[in-house]
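See structure below.
Below, read A as the first sequence line, B as the second, and so on, with proteins coming before strands; counting in each chain starts at 1.
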There are 2 protein chains.
Amino acid sequence: MARKPTKSGRIRLTEVAKLAGVSPITASRFFRNPEALSASKRQRVESAVKELDYVPNLAARALASHRTEVIGVLIPSLTNNVFSDVLRGIYDGSEGSRYSIQFANTRYSILQEEKLLRLFQAQKPAGLIVTGINQTPESRRIMESMKCPTVQIMEIGPDPVDMMVGFSHYEAAFAAISHLIAQGFQRIGILGARMDPRVQRRLDGYRDAMKAASLFDPRLIVTTPTPTSMTLGGALFADLLSQVPDLDAVFCVNDDLALGVLFECQRRQITVPDAMAIVGFNDMEFMASAVPPLSSVRTNRYEMGRNAITMVTTALEGHRPAEPVVDLGFELMIRQSSTARSA
Amino acid sequence: MARKPTKSGRIRLTEVAKLAGVSPITASRFFRNPEALSASKRQRVESAVKELDYVPNLAARALASHRTEVIGVLIPSLTNNVFSDVLRGIYDGSEGSRYSIQFANTRYSILQEEKLLRLFQAQKPAGLIVTGINQTPESRRIMESMKCPTVQIMEIGPDPVDMMVGFSHYEAAFAAISHLIAQGFQRIGILGARMDPRVQRRLDGYRDAMKAASLFDPRLIVTTPTPTSMTLGGALFADLLSQVPDLDAVFCVNDDLALGVLFECQRRQITVPDAMAIVGFNDMEFMASAVPPLSSVRTNRYEMGRNAITMVTTALEGHRPAEPVVDLGFELMIRQSSTARSA
DNA sequence: CAATCCGTTGGTAGCGCTGTCAATATTTGT
DNA sequence: ACAAATATTGACAGCGCTACCAACGGATTG
């Protein structure tokens, strides 16, 4: 009578323990630290769990342990395909682990990010994955105070909050432009949309590469804060072309824009690459199957997500990586759209 | 001494209550049912919450109330852009509400779906959004036993578990084919990838429309269980063309395939639409900016997500919709790629 | 004027689990 | 063989919140 046997019909840890003939706390340990149990008890608890089809109550667990098994993920956008690849990596990597993912959308606002971080903080997540390295000082303070494994993803930089996985957008853009220059293109424009911090760094890479070759001209830069789209790519290209009629190549800060440019070229009977070279960024699947195949900078988005979640979970198991910053690099995918003009 | 004042440093509801000069339970009611409080107490609690910057402990709340404020979302894939649009609608629609989204990925497997449903069940979500109408009997049983607002999305059909938002894939495909037939095309092929239940229904629509016009020929059907991609579109199109050399139109069960077909046509110097009409499905943004602009069937994916979450949250507030099944319809976007041949 | 009602408030008793630490088995070293 | 160290195990007390029910005061009623 002191303890109602199965009051709500729901199976509790107590029932499992009773069936296994152990104390509840031992049954509890079965989940948290199975190695600490003797083989025989472990067996008994395991089969009791299976027999009763026991599922732990996460709320009770969280309340008692002051922790959750939730990994918070802050990503700026769901619209952008780049992030769905990253998310996919994160979800795939979390499968099979005890952790679940709590995703939230910052909408490219670092203030929104701060707000969400505060919300997460209150719920004591087991780990955290955040996008980029441009957090507000307050956000940084919150993250540091949470003392949970934290990974900044998408780019790398100095002074990580904890860990990082990404690559240098600056260098990737620099490499793309250097390639175009090496192929003999001179009037190389750049098209940019959304202009988040990572896109800005690509722009920096472009600028420095152009300056290094004494090819820089501010009129070659066309950007907009508008979110990216193929249609926008065509429109920006039209703008650029009217400003710079002798344009011979375009670097697009993402592939959507690049494909939009290709179609705009088709519309205007501009041959690619002879009259206009095109290079995109990210190397989405469609780039290789366009006509002509479009050059791009391959970024390892899926791997980034996967790495990030793995770094969090292994850190949670006490194995911190030797090197907290992982550079996943990039690869120049040179295709027909940016090969040297026949001349 | 009976109660440690602020043991962990964390602000609890008790502290708020003390500052407001009310009992903890009254403070608790402030969050759950503010109208039940007198205006003066409500004021006092409100400012205490603000002053202490109180954030409720969701785990404690869930444990005590046997409910959570989490809405579970089951979606088959993150890779497919269609679902990122839906998810975006869901997240946008949940913003500002008290509910948070717990997303999980079924990977197009109804067994995996069942497993995830069982997991959700144990955590007592406030609501549920699931994809499609092809659940296992056991999944259905679980959903019915959960007694929380549930919305099936993406398609509509008879006998909803609870509510539904979607459209008829069968009719959408039927309409697309009827359009092609009306434009004078006769040898109309269909390209299908992934072949999930909704794609199957599009295939059914195709088949019936073709049969109704006495144009059906099984060789016109090329499908694969492989996930969709642009490259795949090109490859499937090549297969189809080798089987049916006199092909004059292709209906693609999604836009990726359609764009792949367009590029394959460019590669083979097949003029679109004169030598080959193309119609896609979903009307992704890029369809309109291709050259020539590609026809497609517009589906309201974002709205579907938004509607679904709204239906759940309003049901949670006790306002069940008069009609549990919402048909969001579709719209034939007829563009140059499927206009009647000049002849 | 007592009986009744309703709107508002508070007390009590857990929700199901785990942290802490003590207690008990088991092994090891000398 | 016995102390010391180490592996296993269990008792107890709560985590922070809310369900349930009782109590209160004032308004309404016959």
Side-chain angles (χ1 to χ4, degrees), chain A residues 1-45 48-49 52 54-70 98 122-124 126, chain B residues 1-45 48-49 52 54-69 98 121-124 126:
Chain A
M1 179 159 285
R3 183 164 268 165
K4 299 143 201 163
T6 320
K7 189 192 156 193
S8 66
R10 173 78 178 278
I11 289 117
R12 309 194 308 282
L13 194 51
T14 318
E15 275 77 59
V16 174
K18 205 166 291 171
L19 179 63
V22 299
S23 71
I25 189 70
T26 301
S28 165
R29 263 190 283 260
F30 169 76
F31 290 100
R32 293 174 291 143
N33 188 11
E35 299 82 41
L37 299 200
S38 63
S40 73
K41 303 234 166 182
R42 192 174 354 175
Q43 273 297 321
R44 298 228 301 277
V45 176
V49 165
L52 296 175
Y54 169 74
V55 182
N57 180 323
L58 300 187
R61 189 179 275 181
L63 181 58
S65 67
H66 303 279
R67 306 186 246 94
T68 62
E69 294 184 340
V70 170
R98 60 210 292 183
Q123 308 317 326
K124 304 189 192 269
Chain B
M1 179 163 282
R3 184 163 268 166
K4 300 142 200 163
T6 319
K7 190 193 158 191
S8 68
R10 172 77 177 278
I11 289 118
R12 307 194 309 280
L13 195 52
T14 317
E15 276 77 61
V16 174
K18 206 166 288 173
L19 179 63
V22 298
S23 72
I25 189 69
T26 301
S28 164
R29 263 190 284 262
F30 169 76
F31 289 101
R32 292 174 291 141
N33 189 11
E35 299 82 41
L37 299 199
S38 63
S40 73
K41 304 236 166 179
R42 192 169 356 169
Q43 274 297 322
R44 299 229 301 278
V45 176
V49 165
L52 295 175
Y54 169 74
V55 182
N57 180 324
L58 299 187
R61 189 179 275 183
L63 181 58
S65 68
H66 302 279
R67 303 186 250 94
T68 62
E69 293 184 340
R98 63 210 290 184
Q121 179 188 28
Q123 309 316 328
K124 303 187 194 270

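- Note: CZ (Arg61(A)) to P (dG16(D)) measures 19 Å, nearest angstrom.
- The number of heavy-atom neighbours closer than 6.0 Å to CZ of Arg98(A), taken from other residues, nucleotides and ligands shown, is above 12.
- The side chain of Ser28(A) contributes an N or O atom lying less than 4.0 Å from OP1 or OP2 of dT18(C).
- Taking every side-chain heavy atom of Ile25(A) into account, dA11(D) is the closest of dA11(D), dG10(C), dC17(D).
- Computed from coordinates, the Arg32(A) CZ to dG16(C) P distance equals 17 Å when rounded to whole Å.
- A straight line from CZ of Phe31(A) to C1' of dT18(C) spans 13 Å, rounded to a whole angstrom.
- Residues Ser23(B) and Ser65(B) each lie close to DNA chain C; by heavy-atom proximity, the contact nearer the 5' end of the strand is made by Ser23(B).
- Distances shorter than 4.0 Å separate none of the side-chain N or O atoms of Thr26(A) from OP1 or OP2 on dT9(D).
- The base of dG10(D) lies close enough to the side chain of Arg29(A) for a donor and an acceptor atom to sit less than 3.5 Å apart.
- The 5' end of DNA chain C is approached more closely, in terms of each residue's nearest nucleotide, by Gly21(B) than by the other of His66(A) and Gly21(B).
- Here the P atom of nucleotide dC17(C) and the CG atom of Asn57(B) are 17 Å apart, to the nearest Å.
- Not one N or O on the side chain of Thr68(A) forms a donor-acceptor pair closer than 3.5 Å with the backbone of Ala62(A).
- Considering only side-chain atoms of Arg67(A), the nucleotide from dG19(C), dG16(C), dT18(D) that sits closest is dG19(C).
- The pair Glu15(A)-Lys18(A) does not count as a salt bridge, with every side-chain nitrogen at least 4.0 angstrom from each carboxylate oxygen.
- Protein atom CZ of Arg12(A) is 11 Å distant from nucleotide atom C1' of dG14(C), rounded to whole Å.
- An OP1 or OP2 oxygen of dG7(C) is reached within less than 4.0 angstrom by no side-chain nitrogen or oxygen of Ser38(B).
- Taking atom NZ on Lys41(B) and atom C1' on dG10(C), their separation rounds to 9 Å, with Å as the unit.
- Between Phe31(B) and Tyr54(B), the ring center distance clears the sub-6.0 Å criterion.
- Side-chain proximity of Leu63(A) to the nucleotides dA19(D), dG16(C), dG19(C) is greatest for dG16(C).
- A salt bridge links Arg61(A) with Glu69(A); the closest basic N to acidic carboxylate O contact falls under 4.0 Å.
- The side chain of Ala64(B) lies closest to dC15(C) when the candidates are dG16(C), dC15(C), dG10(D).
- Regarding Gln43(B), its CD atom lies at a distance of 17 Å from the C1' atom of dT8(C), rounded to whole Å.
- In this structure, of dT9(D), dG16(D), dC20(D), it is dT9(D) that holds the atom nearest to the side chain of Leu37(A).
- For Leu58(A) and dC15(D), the CG to C1' distance is 16 Å, given to the nearest whole Å.
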